[in-house]
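The structure under discussion appears below in the form of structure tokens.
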Amino acid sequence: MISVKGGNFFQRDVIYDVASFCYNELIPRIRKCYIEINIKKMNGYEGTCIDGDEREYFIEINREQSLEDLCVTLCHEMVHVKQYVRKQLFSEVNFYKTREEYLNLPWEVEAYKKQEILYKKWISTINQEIK
């Protein structure tokens, strides 16, 4: 189940569509999963993904991005959901000293690589431009 709150109606609608697309691309066989997405003002971050109890995930997306960047950020965070579900990422291991060290973490390398691929694939399904 995917829940989206915050932002405006159009942002919520688009973000729900992107999240559903990413879910079906990344973890299509997983039936029991709850993802709550909150579109809000964030200082210093484009997005975050935190795991909760038994397949509960909480994503926050900075609303002060262009719609395209909002969607790309969500694709990135949905890769982290996939990583949590498949036990490829654990919240206890998110320690790093520099931005460069952070960008070289294996789960970040994968998320940055797949965010554009997912976004472009999603865009091709809606037959319109996002600005």
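On a predicted model such as this, the values are computed, not experimentally measured, just so you know. Numbers here are sequence positions counted from 1.
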query: Do you reckon Tyr16 sits in the same ILVMFWY cluster as Met1, going by side-chain contacts under 4.5 Å, direct or chained?
result: no

query: Which pair of heavy atoms, one from Thr48 and one from Met42, lies closest together, and at what distance?
result: CG2-CE, 3.9 Å

message: Do Phe58 and Tyr84 land in one hydrophobic cluster if side-chain heavy atoms of ILVMFWY residues count as linked below 4.5 Å?
response: no

- prompt: Which heavy atom in His80 sits nearest to a heavy atom in Ala111, and how many Å separate them?
  reply: CE1-CB, 3.6 Å

task: Could you please spell out the steps behind the side-chain contact (heavy atoms from CB on, under 4.5 Å) verdict for Trp122 and Cys75?
output: CA-CA 10 Å; Trp122 173 74; Cys75 291; 5.7 Å; no

field: Rounded distance [0.5 Å steps], CD1 in Ile2 versus CG in Asp17
entry: 9.5 Å

- line: Leu74 and Ala19 have their tightest heavy-atom pair at CD2-N, 3.7 Å

- request: Please name the residue in the list Ile59, Asp51, Leu26 that meets the side chain to side chain contact (heavy atoms under 4.5 Å, CB included) test with Val81.
  value: Ile59

message: Given 3.5 Å as the limit, does a donor-acceptor pair link the side chain of Tyr23 with the main chain of Met78, or not?
response: no

- request: Decide whether Val79 and Tyr112 are clustered together by the hydrophobic rule: side chain heavy atoms of Ile, Leu, Val, Met, Phe, Trp, Tyr closer than 4.5 Å, transitively.
  value: yes

query: What distance separates Ile35 CD1 from Cys49 SG, expressed to the nearest 0.5 Å?
result: 8.0 Å

field: Least distance between heavy atoms, Val72 atom then Glu116 atom
entry: CG1-OE2, 3.6 Å

query: Given the rule that I, L, V, M, F, W and Y join up when any side-chain heavy atoms are under 4.5 Å apart, are Ile30 and Phe21 in one cluster?
result: yes

statement: Contacts of Lys121 meeting side chain to side chain donor-acceptor pair (under 3.5 Å) (sequence neighbours excluded), chain-then-number -> Glu25

statement: The reported gap from CD in Gln115 to NZ in Lys120 (rounded to nearest 0.5 angstrom) is 10.5 Å

message: To the nearest 0.5 Å, what is the distance between NZ on Lys40 and NZ on Lys5?
response: 9.0 Å

- prompt: Considering only heavy atoms from C-beta outward, does the side chain of Lys82 approach that of Gln88 to under 4.5 Å?
  reply: yes

field: Point-to-point distance, once rounded to the nearest 0.5 Å, from CD of Glu46 to CD of Glu60
entry: 13.5 Å

- prompt: Just by modelled atom types, is the Tyr34 backbone N or O under 3.5 Å from a matching donor or acceptor in the Arg55 side chain?
  reply: no

message: Same cluster or not: Val14 versus Ile126, using hydrophobic residues (I, L, V, M, F, W, Y) connected whenever any side-chain heavy atoms lie under 4.5 Å apart?
response: yes

statement: When every non-hydrogen atom of Cys71 is compared with those of Val18, the smallest separation belongs to SG-CG2, 3.8 Å

- line: Here the gap from Ile15 atom CD1 to Leu70 atom CG, rounded to the nearest 0.5 Å, amounts to 4.0 Å

task: For residues Gln11 and Leu67, report the shortest heavy-atom separation together with the two atoms involved.
output: CG-CD1, 4.5 Å

Donor-acceptor pair, side chain of Gln65 and main chain of Asn62, under 3.5 angstrom: yes

